[in-house]
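The block underneath contains the structure these notes are about, expressed in structure tokens.
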Amino acid sequence: MAVPKIWRKIPEYYNLIGKLCPECNAKFFPKRTVCKNCGCTRMQDYKFEGKGKIVTYTIIRTSMSDPEQEINEQAARNIPYALAIIKLKEGPMLTAQIIDCGDSELNIGKKVKKVFRKILENGPSGVIQYGYKFKIDK
Amino acid sequence: MTVGIISWGSYIPRFRIKVEDIAKANGSNPEQIKNALMISEKSLPGIDEDTITISVEAARQAIKNIDSKKIGAIYIGSESHPYAVKPTSTVVGEAIELGNNYTAADLEFACKAGTAGIQICLGLVKSGMMDMALTGGADTAQSKPGDPLEYTAAAGGAVFVIGKEDVVAVINETVSFTSDTPDFWRREKEEYPSHGGAFTGQPAYYRHVINATKNLMEKAKTRPENYDYAIFHQPNGKFPRRVAKILGFNEQQISPGLLVGYIGNTYSGASMLGLAAVLDIAKPGQRILVTSYGSGAGSDSFDITVTDKILFNQKRTKKVLDLIKDKIYVDYSKYLRNTQ
Ligand SMILES: [Zn+2]
């Protein structure tokens with residue numbers, strides 16, 4: 001990913017900053033400039049608390065193909081890892097890794113909370129991307 | 001003006017490896033190593049954890065209890081900053097949403113960069129330049145496979161916010177003892193540090209910790225028996241116990257802040273996490289002595305008195321002891337994956 005794009009996404013990645021529609025109160029993540037429900041264009045920044053539930057998940061056991069060479073061998077070393085669709089407490093759903101847990105701790109419906117982790121290294125000389133992953137909320 | 005710690009936060013990665021498993025890989029006798037180093041297991045980072053993520057998690061704990069908008073400075077001390085050029089401290093500032101009106105820098109002084117940060121913040125707040133300043137010490141310590149360091153080099157960190165209002169632990173005095181002593185080093189572009197073996201003991205650790213602590217007690221007009229807790233830098237279980245004995249502190253005073261046996265040496269995080277573990281349980285009025293040690297070499301020593309404001313933070317802050325207990329064991333191959 002190009003450096004300007006990484007930089008623009010920092011609020012989203014670090015602190016789950018999405019958008020709130022001041023007209024109909026709908027909340028969105030990732031952020032959008034026009035409300036999907038009412039067409040309002042005066043969207044406001046909104047910080048999601050970072051708590052939610054696992055809607056569904058899968059265990060990745062084979063490394064992703066990497067045509068653009070964006071994912072270095074770090075991702076391959078990470079296998080196996082859990083990838084989940086998470087429904088945030090405030091409504092929106094997102095896809096994120098569930099980390100630091102054994103297979104037995106993973107379940108649909110399990111409560112999770114955000115943590116701050118390394119996402120991608122962009123090779124040994126690239127910018128390191130940080131952002132949200134989730135762990136089981138005990 | 002009363003200046004001191006107004007909040008603190010800790011973080012230890014969840015993964016642990018037992019001394020037995022490292023010894024097996026090296027063909028060494030685990031009992032011999034356990035006795036020599038007085039350590040049974042150590043923490044290690046997840047594959048996606050580094051000094052930045054550890055500092056952010058600890059900082060997020062620390063700012064739960066304060067009005068973080070008043071923080072005017074961030075200093076993060078480490079010898080494993082992920083970038084050679086590009087600060088750790090700015091990522092922490094962004095992750096705790098400080099805005100842009102703060103100053104920041106990364107610090108490096110082997111294992112004592114975190115306590116150097118406390119002294120810098122103390123100066124900034126005492127001089128009236130700002131109301132609050134945040135400093136942390138964190139590391140994902142590197143060690144060459146097969147090196148004795150492999151049994152202790154661990155991951156973790158703690159963050160302290162220094163301020164003048166609602167002080168939970170007053171810093172009464174601080175002194176340092178510093179010299180040019182090449183006991184442990186890592187050259188630019190080298191992956192692992194080198195060390196002087198036995199030379200890391202007497203002329204390095206002991207000389208600096210003893211002198212800094214003695215000078216502090218002289219300045220504060222205190223004696224070992226005036227302290228409820230004492231924390232010494234803990235590269236292994238032996239050094240801090242021995243230095244405590246030489247200085248006249250007993251096991252009860254040092255054991256609450258002596259974490260190395262359970263998590264290993266978290267380098268820049270070590271004395272900081274020890275202090276955090278003591279603040280987690282200290283009662284108002286109790287007195288704490290902390291002496292760090294950084295190779296190269298120097299020690300910072302602090303005389304601290306706990307106030308009744310600490311009870312509020314203790315209820316809300318994640319405790320070091322709980323972080324120690326919440327663990328997943330990994331074997332040597334997973335350990336290598338996560339740390340190489
Ligand atoms: Zn709307």
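Just so it is clear, the structure is predicted and the values come from calculations on it, not from any experiment. To find a chain, count down the sequence lines: A is the first, B the second, and so on, and within it residues start at 1.
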key: Derivation of the side chain to side chain contact (heavy atoms under 4.5 Å, CB included) call for A:Lys133 and B:Thr53   = CA-CA 11 Å; A:Lys133 289 184 182 179; B:Thr53 65; over 6 Å; no
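Contacts between A:Ile128 and chain B at a heavy-atom distance below 4.5 Å involve backbone atoms as well as side-chain atoms.
Annotation for A:Tyr14: atom OH counts as buried by contact number, over 12 foreign heavy atoms lying within 6.0 Å. When the shell of 6.0 Å around NZ of A:Lys53 is examined, it contains 12 or fewer heavy atoms from other residues, nucleotides or ligands. For A:Lys47, the NZ atom counts as densely surrounded, since its 6.0 Å shell holds more than 12 non-hydrogen atoms of other residues, nucleotides or ligands. For B:Arg316, the CZ atom sits in a packed shell: over 12 heavy atoms of surrounding residues, nucleotides or ligands are nearer than 6.0 Å. For B:Lys24, the NZ atom counts as loosely surrounded, since its 6.0 Å shell holds 12 or fewer non-hydrogen atoms of other residues, nucleotides or ligands. Other residues, nucleotides and ligands contribute at most 12 non-hydrogen atoms within 6.0 Å of the CG atom of B:Asn101. Within 6.0 Å of NZ in A:Lys111 there are 12 or fewer heavy atoms belonging to other residues, nucleotides or ligands.
Checked against A:Phe116 for a side chain to side chain contact (heavy atoms under 4.5 Å, CB included), the options B:Ile96, B:Ile52, B:Ile54 give a single hit: B:Ile52.
The two residues B:Ile328 and A:Asp100 have their closest heavy-atom pair at CD1-O, 3.5 Å. The two residues B:Glu49 and A:Lys118 come nearest to each other via the heavy atoms O-NZ, 4.4 Å.
Checking side-chain atoms of A:Asn15 against main-chain N and O of B:Glu94 turns up a donor-acceptor pair under 3.5 Å. Under a 3.5 Å cut-off, the side chain of A:Arg117 and the backbone N or O of B:Ile47 do not form any donor-acceptor pair.
At a threshold of 4.5 Å between non-hydrogen side-chain atoms, the residues B:Asp50 and A:Glu121 do not count as touching.
A salt bridge links B:Arg14 with A:Glu105; the closest basic N to acidic carboxylate O contact falls under 4.0 Å.
A:Lys138 NZ to B:Asp326 CG: the interatomic distance, rounded to the nearest 0.5 Å, is 3.5 Å.
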